[in-house]
Amino acid sequence: MKKVTSSANANIALVKYWGKEDSIYNIPKVPSLSMTLDGLGTRTEVETSSSDELTIDNYPASKEAYNKYINFLNKARLLYDFKDKIKANTRNNIPYAAGLASSASSFAAMAAGINKLLNLGLDQKAVSALARLGSASAARSMFTGFAALEKEFAYGLVAHKNLKIMMTIVLVSKEKKALSSTKAMKITQNTSPLYQDFYEESFENFLRAKEALKTGDFPLLGKTMELSTIKMHASMGSSKPQIDFLQPLSLEVIKYIYKLREELGNIAYFTADAGPNIKILHEIQNKDIILNYIKINFPNIDITQSYPGIGAQCE
Ligand code: PMV
C-alpha cells in the first residue's frame with residue numbers, strides 16, 4: 001500500500017487570529033500573519049487503510065487528539081470528495097522545552113501528505129485550506145518564512161531582504177493548557193466587551209505588519225505584534241468567565257522585555273498565545289544578547305531559539 005511521508009514546522013502569529021466566523025470549517029474572523037519556526041515541527045506518515053488510525057510519537061493518540069483527527073478527516077472527505085480511511089503516524093520533533101502546541105504543524109504535515117497520497121492535485125494555497133479544517137493556524141505552516149491567513153486560505157509573504165529576524169521562546173510552564181483555543185475563542189467572542197475592539201484593530205494591525213515586513217521595519221513589526229497580543233489577551237481577560245492564559249511569571253518576563261527596551265532601545269518585542277509561554281521577536285544579530293539577558297534574569301527557565309523555517313514538504 002502507498003505511504004507518504006511529510007513534514008511541517010510550527011508557526012507563531014505576529015498578528016493574531018482569535019475568533020471564528022465559521023466554527024465547523026475553522027474560518028477565522030480576522031486576518032493573521034505568522035513566522036514559521038525552523039526545526040520545530042512534525043513528521044507524519046500517511047497511508048490508506050481499512051480504518052482511520054492515529055499514533056503520535058509511536059503511541060495510540062489520546063481520545064481528544066483522535067476525535068480531532070476524525071473530525072478533520074470527515075470534513076476533508078466531504079469537501080474533497082474521497083472515501084479513503086487514513087492511517088497516520090506522527091512524530092513531533094518539537095522539544096518539550098519549546099512548549100509549543102503541535103496542532104499547527106501536525107495538520108499542515110497531514111494535509112500535505114494526504115494531498116499527495118490521494119492525488120488530490122491541490123496547490124499549496126489549496127492545501128492550506130485543507131490544513132485549516134484541522135486547525136486554522138495550521139494553514140500558515142504550509143509556507144516558508146512568513147505567511148498570512150485570510151478567511152479560507154493562507155499564502156506566503158516575502159520579507160525585505162534586510163529584515164533578518166528570529167524568535168526566542170521562553171518556557172514559562174510545561175503544563176498542558178486547561179482550555180482549548182476553540183473553547184476559549186467561543187467564550188471570548190460571545191462574552192467579551194473588548195472583542196469588537198480586537199476585531200476592528202486586527203485588520204489595521206494586519207496591514208501594518210504586512211507593510212513592515214515588506215519594508216523591513218523591525219520596530220513597527222514588533223510593536224504591531226505586541227499590540228495584537230495585548231488586545232487579544234485583554235479581550236480574553238474581559239470575557240465571562242474570565243480567561244487568563246498568562247501566569248505571573250509570563251508577566252515578569254514581559255516586564256523584563258520592556259526593561260530591556262528602556263536600556264538598549266527597540267531590540268525585542270514579545271508575544272504569547274493560548275498559553276503562558278513568551279516568544280520574543282528580535283533581529284538575528286541580537287541572538288546572544290537576548291539569550292543571555294533571559295538566562296541571567298530567569299536562570300531556571302528553559303529557552304529555545306528558532307529562525308524562520310520552511311513550509312510543509314513531502315518526501
Ligand atoms: O488554530 P488554533 O485553534 O490553534 O488557534 C490559534 C490561536 C493563537 O495561537 C492564539 C493565535 C494564532 O493566530 O496562532
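Atoms within each ligand, like the ligands themselves, are counted from 1 in listed order.
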- Task: Look only at interatomic distance and state if R140 has a nitrogen or oxygen under 3.5 Å from any nitrogen or oxygen of ligand 1.
- Result: yes
- Message: Check this for me, if you would: do R261 and E226 make a salt bridge, where the nitrogen-to-carboxylate-oxygen distance has to be below 4.0 angstrom?
- Response: yes
- Item | Within-cut-off N or O pair, S135 and ligand 1, under 3.5 Å | yes
- Based purely on interatomic distance, does T182 place a nitrogen or oxygen under 3.5 Å from a nitrogen or oxygen of ligand 1? no
- Query: Is it the case that one hydrophobic cluster holds both L117 and L54, taking links as side-chain heavy atoms less than 4.5 Å apart, direct or via other members?
  - Reply: yes
- Task: Establish, for the pair K125 and F153, whether the NZ or CZ atom is under 6.0 angstrom from the six-membered ring centre and no further than 45 degrees off its axis.
- Result: yes
- Look at E211 together with R208 and state whether they make a salt bridge at an N to O cut-off of under 4.0 Å. no
- For atom 7 (C) of ligand 1, which protein heavy atom lies nearest, and how many Å away is it? Y17 O, 3.7 Å
- Task: Just say parallel, tilted or perpendicular for the rings of Y199 and F203, cut-offs at 30° and 60°.
- Result: perpendicular
- Nitrogen or oxygen atoms of S32 and ligand 1 under 3.5 Å apart: no
- Message: Give the atom numbers and elements of ligand 1 that come within less than 4.0 Å of a heavy atom of A13.
- Response: 12 (C), 13 (O), 14 (O)
- Item | Pick from A274, S137, S180: the one approaching atom 4 (O) of ligand 1 most closely through a non-hydrogen atom | S137
- For the residue pair T229 and T271, confirm or rule out a side-chain donor-acceptor distance under 3.5 Å. yes
